[in-house]
Amino acid sequence: MKAITAKDAKNKFGEMLDTAQREPLTIEKHGRAVAVIMSVQEYQQMKLERLRAKLAAGEVQLDRGEGMEGETFFAELLNEK
C-alpha cells in the first residue's frame with residue numbers, strides 16, 4: 001500500500017483522490033499511519049465481505065442451535081459500522 005504524508009495529502013488532494021481510485025493509500029503524520037483512503041467501490045466491497053462473513057458465522061451458529069432473535073440480530077448489525 002502506498003503511503004503519503006499528511007502535508008502531501010493536503011497539498012496534492014486531487015492527485016491523492018486519483019491514486020485512491022487505483023489502490024488504498026495510507027496517510028502518515030509524523031511518520032505514523034493515521035488514516036487510509038480508498039475508493040468507494042473498494043469500501044463497499046469490504047463491507048460486503050464483512051456481511052458475508054457474519055452471515056456465514058450465523059449459519060454455523062444456527063446449525064449448532066445457537067440462534068438469536070431477529071430483533072437482536074438486526075440491532076447488533078446496525079450498531080456495527
Side-chain angles (χ1 to χ4, degrees):
M1 184 179 320
K2 188 174 178 181
I4 63 170
T5 65
K7 181 179 179 180
D8 282 344
K10 177 182 173 185
N11 294 334
K12 300 176 182 179
F13 190 74
E15 184 179 324
M16 177 189 67
L17 292 177
D18 290 341
T19 301
Q21 296 305 304
R22 294 187 300 277
E23 64 179 317
L25 188 62
T26 301
I27 300 173
E28 297 179 347
K29 191 169 186 177
H30 304 295
R32 185 175 58 91
V34 294
V36 174
I37 184 170
M38 65 178 70
S39 69
V40 169
Q41 293 84 4
E42 191 160 348
Y43 176 70
Q44 290 173 338
Q45 181 65 34
M46 183 179 70
K47 285 176 52 177
L48 181 59
E49 288 171 9
R50 286 184 66 201
L51 179 57
R52 286 182 176 148
K54 285 178 181 275
L55 289 172
E59 287 179 340
V60 170
Q61 288 177 332
L62 286 175
D63 289 344
R64 293 191 308 228
E66 301 172 353
M68 71 171 64
E69 295 197 18
E71 287 182 19
T72 304
F73 171 80
F74 285 109
E76 288 183 12
L77 187 64
L78 290 173
N79 286 328
E80 290 189 21
K81 297 186 178 172

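Quick note: numbers below take in every heavy atom, side chains included, and nothing from hydrogens, waters or symmetry partners.
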Check whether Leu55 and Phe74 end up in the same hydrophobic cluster, where Ile, Leu, Val, Met, Phe, Trp and Tyr are linked by side-chain heavy atoms less than 4.5 Å apart. yes
May I ask you to test the Met16-Lys10 pair for a side-chain heavy-atom distance under 4.5 Å? no
Any side-chain heavy-atom pair of Ile4 and Glu15 under 4.5 Å: no
Do other residues, nucleotides or ligands put more than 12 heavy atoms under 6.0 Å from the CD atom of Gln41? yes
Look up atom OG1 in Thr19 and atom CE in Met38, then write down how far apart they are to the nearest 0.5 Å. 14.5 Å
Closest heavy-atom pair and its distance - Ile37, Leu17: CD1-CD2, 3.9 Å
Test side chain to side chain donor-acceptor pair (under 3.5 Å) applied to Glu49 and Gln45, step by step: CA-CA 6 Å; Glu49 288 171 9; Gln45 181 65 34; 3.2 Å; yes
Look at the side-chain heavy atoms of Ile, Leu, Val, Met, Phe, Trp and Tyr, link any pair under 4.5 Å apart, and say whether Tyr43 and Met1 land in one connected group. yes
Smallest heavy-atom separation, Ala3 atom then Leu25 atom, equals N-CD1, 4.3 Å
Determine yes or no for a side-chain-to-main-chain donor-acceptor pair under 3.5 angstrom, with Arg22 supplying the side chain and Asp18 the backbone. yes
Do Gln44 and Leu48 come within less than 4.5 Å of each other through their side chains, counting heavy atoms only? no
List the atom of Ala6, the atom of Ile27, and the distance in Å for their closest heavy-atom pair. CA-CG2, 3.7 Å
